[in-house]
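In what follows, every chain begins at residue 1, and chains take the letters A, B, ... in the order their sequences are listed.
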Amino acid sequence: MSDIQEHPASIAVTLPDGSVKTVPSGSTGLDIALSIGRKLAQDALALKIDGKTVDLSAPLHHDTSVAILTFDSPEGKNVFWHSASHIMAQAIEELFPGSKFGAGPAIEQGFYYDIASEHRFRESDLRLIEEKMLEISKRDITITREEMPRDTAIAYFTDVRKDPYKVEILTETLKDVATVSVYHQDKFTDLCTGPHLSSTSKLKAVLLTNISSSYWRGDSSRENMQRIYGIAFPSEKQLKEHVAKIEEARRRDHRKLGAELELFMLTPEVGSGLPVWLPKGAIVRSELESFLKEEQRKRGYLPVYTPHIGNIELYKRSGHYPYYSDSQFPPLTYHDEDGSQEQYLLKPMNCPHHHLIYSNRIRSYRELPIRLTEFGTVYRHEQSGELNGLVRARGFTQDDSHIYCRPDQLVDEICNAIDLTQHVFSTLGFSNVQTRLSLHDPENQAKYGGTPEVWEQAEKDVREAADRMGIEYFIGIGEASFYGPKIDFIVRDALDRKWQLGTVQVDYVMPERFDLTYIGSDGQKHRPVVIHRAPFGSMERFIGVLIEHTAGNFPLWLAPVQAIVLPITEEVHDYAAEVQQALLGAGIRTEIDTRSEKVGRKIRDAELAKIPCMVVIGQKEKENGEVSLRRHRIGDAGRVGLEALIEQLKTEITGRT
RNA sequence: GCUGAUGUAGCUCAGUCGGUAGAGCACUUCCUUGGUAAGGAAGAGGUCAUCGGUUCAAGUCCGAUCAUCAGCUCCA
């Protein structure tokens with residue numbers, strides 16, 4: 001009896017196009033790539049076997065489906081950047097002996113490595129490390145995989161590599177694993193599951209982008225490590241393209257455009273993280289608010305207003321105060337003459353106020369659902385390092401509604417809220433919205449309010465609604481809020497960072513805490529369920545992301561200045577002023593440029609100001625009672641009658657297209 | 001909050017070895033009245049983020065604070 005497996009002499013591999021190739025048993029990915037073509041063999045980075053990525057040098061012994069991974073695939077990029085992080089680590093080890101390495105993964109756009117070193121890395125070091133990395137590439141070092149028992153690996157990383165971080169990973173994270181893999185490249189060895197490139201020579205261009213700090217294992221109670229970020233490519237050309245893309249993204253940055261287009265300002269004179277809306281930004285915001293108010297009116301929402309501060313007892317009762325006391329502005333304390341004291345909180349959220357409105361009188365099952373809505377401004381003392389223009393502020397306005405309904409109405413109401421959110425996103429042209437089902441983490445029950453049974457029901461309801469609405473979602477364990485699961489709508493900004501905008505949340509906990517009730521058909525008190533929902537999320541964040549999404553080229557209905565009248569000579573100023581008045585009279589936000597500049601200059605300035613419609617007026621237009629229209633970024637649209645122009649623009653504005 | 005970087009005119013940026021500040025754009029005035037992305041000239045504009053220190057002398061060197069940026073941690 002032998003344990004030795006019988007390998008067939010040849011095996012059949014199925015390629016992604018469905019074709020089947022017969023190769024000798026023991027062939028590697030590289031052999032297969034070579035048998036297809038030289039170019040593919042050159043570009044090949046790794047192999048995907050039955051959905052699992054492996055080294056190009058791994059021998060195949062069974063019939064299987066394979067795909068050759070190149071840099072064009074997400075998996076290929078992942079392998080490439082992961083190896084680049086190892087090459088960076090080797091370069092750092094050679095330049096700064098004694099450096100120890102924590103985690104060094106590939107990320108969405110490149111890679112990083114966390115380093116513990118006596119040396120404080122500076123910007124200038126990055127150039128040195130880049131040079132060293134390219135030198136290591138030129139050395140054409142073969143990267144090899146070795147599997148070893150975990151105990152051997154512990155001894156190796158303790159005695160040879162002397163790297164306490166790798167030892168910690170081996171003894172804790174991998175404590176139940178018998179055999180681990182390490183990758184060698186010259187004198188550098190790293191604990192890693194792989195896969196990796198076959199040689200360092202694949203790396204042709206590298207850019208180390210920044211140095212920052214991180215906590216070992218992401219734990220703020222553990223030591224700080226220095227993290228170096230970078231990105232690498234198989235060719236110089238791809239790096240150049242990447243740099244060009246980053247520059248384009250910087251041009252779209254909402255902080256830059258917000259200042260240039262005079263939408264909002266941020267100044268320490270008002271306070272860090274407290275945006276001030278300038279007249280032009282205020283128009284964008286108020287148009288968005290009107291849009292949502294209109295939709296909500298159609299859907300049976302009831303507007304309310306509540307104060308900006310609230311008695312601290314309100315937040316103790318809701319449970320927010322203990323959960324979030326460190327991210328709130330400190331309470332305002334009011335001392336009465338008789339020595340008694342009251343404390344108020346700058347409101348960090350609107351729900352408690354709305355719950356009190358609900359319980360202002362007895363509610364009947366007949367009047368549910370009740371949908372209270374408010375653009376409620378809230379204040380949260382976010383950590384200073386978190387602040388980021390409009391997308392992360394300390395004072396912001398939520399388009400906050402609370403829907404009080406019977407349990408039998410819940411799924412319908414969640415669906416309605418999802419529908420409204422989708423309507424908002426599609427009207428504003430966000431197509432690549434990701435949806436996350438944010439569930440609680442059963443391992444960490446203490447973080448949440450409510451009983452496990454309540455959570456089970458809530459998560460079942462949320463899932464049912466999401467499925468009924470046919471939305472594609474991914475699950476985020478541990479992303480729920482403390483009072484319930486939620487559905488979050490996530491979009492990316494110009495720099496590809498993710499931001500949560502809309503949200504729909506189910507809450508069985510607050511109704512208990514606020515003793516919310518309604519009288520059922522049986523004459524008895526029952527507990528309603530609450531849905532928290534905000535399609536925009538925060539007006540500030542939404543507009544910040546919208547600015548980047550549109551690059552400041554707002555659709556006509558949102559544009560702060562919708563049209564500008566450009567008279568060519570002083571002789572037509574009178575008629576131009578009439579045209580402006582007619583447009584203003586039709587409710588179109590219109591400016592006029594009567595500077596003594598040439599029309600070319602006026603057009604250039606209007607284009608740079610991203611004004612959607614330029615109305616050019618010369619002698620010919622004046623004589624015929626017409627105007628010449630030029631559309632932003634499109635160009636001359638020809639002459640039309642003034643009335644026809646007004647009709648055309650009004651249709652476009654009311655259609656919100 | 002943590003690590004690193006940055007802070008000079010409204011904006012974008014120069015400013016050498018420490019010797020009291022410069023450009024372009026924008027702005028104002030004048031000239032110019034020009035047909036689809038920059039007409040010309042002149043002028044005005046700065047407590048060099050703030051506070052303190054070293055020095056005969058600080059935009060420049062040192063320290064603290066504030067703010068901003070990148071990332072980490074956090075996000076009702």
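A heavy atom closer than 4.0 Å to some atom of RNA chain B occurs in A/Ser596, A/Glu597, A/Lys598, A/Val599, A/Gly600, A/Arg601, A/Ile603, A/Arg604, these being the qualifying members of residues 591-605 of chain A.
Relative to the side chain of A/Ile568, the nucleotides B/rC2, B/rG34, B/rC72 differ in distance, and B/rG34 lies closest. The nucleotide whose nearest atom lies closest to any side-chain atom of A/Arg255 is, among B/rC75, B/rA70, B/rG71, B/rA70. Ranking B/rG1, B/rA76, B/rU3 by closeness to the A/Ser384 side chain, first place goes to B/rG1. Nearest nucleotide to the A/Ser628 side chain, out of B/rG71, B/rG34, B/rU36: B/rU36.
No hydrogens or angles were tested; on distance alone, a donor-acceptor pair under 3.5 Å links the side chain of A/Arg392 to the base of B/rC75.
For the pair A/Arg217 CZ and B/rC2 P, the interatomic distance rounds to 24 Å; values are reported in whole Å. Following rounding to the nearest Å, A/Phe121 (CZ) and B/rG71 (C1') show an atom-to-atom distance of 16 Å.
In this structure, B/rG22 forms a base pair with B/rC13, meeting either the Watson-Crick or the G-U wobble geometry with both donor-acceptor distances under 3.5 Å.
The environment of CD in A/Glu571 is sparse: at most 12 heavy-atom neighbours from other residues, nucleotides or ligands sit within 6.0 Å.
Between A/Asn388 and the phosphate of B/rA70, there is a side-chain N or O to OP1/OP2 separation shorter than 4.0 Å.
Of the possible donor and acceptor atoms, one in the side chain of A/Arg252 sits under 3.5 Å from a partner among the backbone N and O of A/Glu548. Although no hydrogens or angles enter the test, the distance criterion places a donor-acceptor pair under 3.5 Å between the side chain of A/Trp81 and the main chain of A/Ala232.
For A/Phe96 and A/Phe121, the distance between ring centers is under 6.0 angstrom.
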